[in-house]
Amino acid sequence: MKRSIIYILSLLVAVAANAADYRMWIDDFEIKAGETMEVSLNMDNTTAVTGFQTDIYLPEGLSIKIDEDDFYYIDLTTRATRGHTIDGSAMSDGAVRVIAYTTDLNPFKLNTGAVATITLVASTDFAGTHTIEVRNTELAAADGKQFYPADETCNVNKQPDTKPGDVNGDGVVDMSDMNIAINVILGKGQFADNPGADVNGDGVVDMSDLNSVINLILGK
C-alpha cells in the first residue's frame, strides 16, 4: 500500500514539474480604442513539439482581425517549418481556438519565443483594464506524447501604479495633472484612463479630488 502511495505521489510531482516546463502565453500589452496591432503568442517547450492547440478568450471590445474570406489574421513565426499550418476557429463558448500542426512531424525550432502572431482590433470605445485568457493548451510531440501547460492570463491596458494626484503617471504632480482632473470632471476624459485622479479613492473624480491635486501641487 505504501509503495502505491509513493508511486502515485511521484507521478503527481513529475506531472507538476513537466507542466512547469511548458507554457503558452501572450505578454501584457496596451492598445488604444480603434487601434489594430499585432501581438505574439509565445511558447516554451523543454522538449521538441510538432504542434499545439490553445483557446484564446478575448474581452468585449477586442477581436482578432478577419480577412475577406473569413480567415483570422493568425500567422506562424520563423519557429515553424515549411510544413507547419496554423488556423483559428470560433468556439461555442466564445473562445477562438488556435491549432498548429504539420503532416511531416517536424518539430518547431528552438524551445522558447514567439510561435505565432495574432492581429487584434480594438473597438472605438475600448478602454480600461481587461484580461485575455489562454486556456486548454495542448502541445504534441512526434512520438505521441502530449503536454498540458497551465492556463495563462494576459493584462491589457493595465494601469501602472501611481501615487495619488499623479494622474498622467509621470512621477510628479503638476499642472498637467490638474488639467486632466478637470477634464474628467467635465466629462472630457475617462475615469478608467485616469485612475490617479481619484485622490481620495471613493471611486469618482469630483471637486474634492481636484482640490487635493491643487493642494499637492502647492505642497500642502
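Each residue takes its place number in the sequence, starting with 1.
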For the residue pair [Y] / [X], report whether a side-chain donor-acceptor contact shorter than 3.5 Å exists.
X	Y	answer
Asn42	Ser40	no
Asn157	Thr129	no
Asp87	Tyr101	no

Any donor-acceptor N/O pair, [X] side chain to [Y] backbone, under 3.5 Å:
X	Y	answer
Asn211	Asn215	no
His130	Gly61	no
Asp209	Val199	yes
Asp28	Asn155	yes
Arg79	Met43	yes

Yes or no on side chain to side chain donor-acceptor pair (under 3.5 Å) for Ser208 and Asn200, after CA distance, side-chain angles and deciding distance?
CA-CA 8 Å; Ser208 63; Asn200 60 16; 3.2 Å; yes

Heavy atoms of other groups near Lys109 NZ, more than 12 under 6.0 Å
yes

Is Leu210 close to Ile185 at the side-chain level, that is, under 4.5 Å between some pair of heavy atoms?
yes

Could you tell me if the side chain of Pro149 sits less than 4.5 Å from the side chain of Leu139, heavy atoms only?
yes

Roughly how far apart are Glu152 CD and Ile56 CD1, rounded to 0.5 Å?
12.0 Å

Any chance you could lay out the salt bridge (charged side-chain N to carboxylate O under 4.0 Å, His left out) test for Arg97 and Asp55, step after step, and finish with the verdict?
CA-CA 4 Å; Arg97 176 161 293 174; Asp55 293 338; 2.7 Å; yes

Exactly one candidate in Thr117, Ile64, Thr119 meets side-chain contact (heavy atoms from CB on, under 4.5 Å) with Ile74; the answer is Ile64

Result of checking Thr81, Leu76, Asn45, Thr77 against Phe108 for side-chain contact (heavy atoms from CB on, under 4.5 Å):
Leu76

Using a side-chain heavy atom cutoff under 4.5 Å and only I, L, V, M, F, W and Y, what cluster partners does Val172 have?
none

Are Ile132 and Trp25 co-members of a hydrophobic cluster defined by side-chain heavy atoms under 4.5 Å apart?
no

Check Phe52, Tyr148, Phe147 against Tyr22 for a ring-ring contact (aromatic ring centres under 6.0 Å, His included) and give me the one that passes.
Phe147

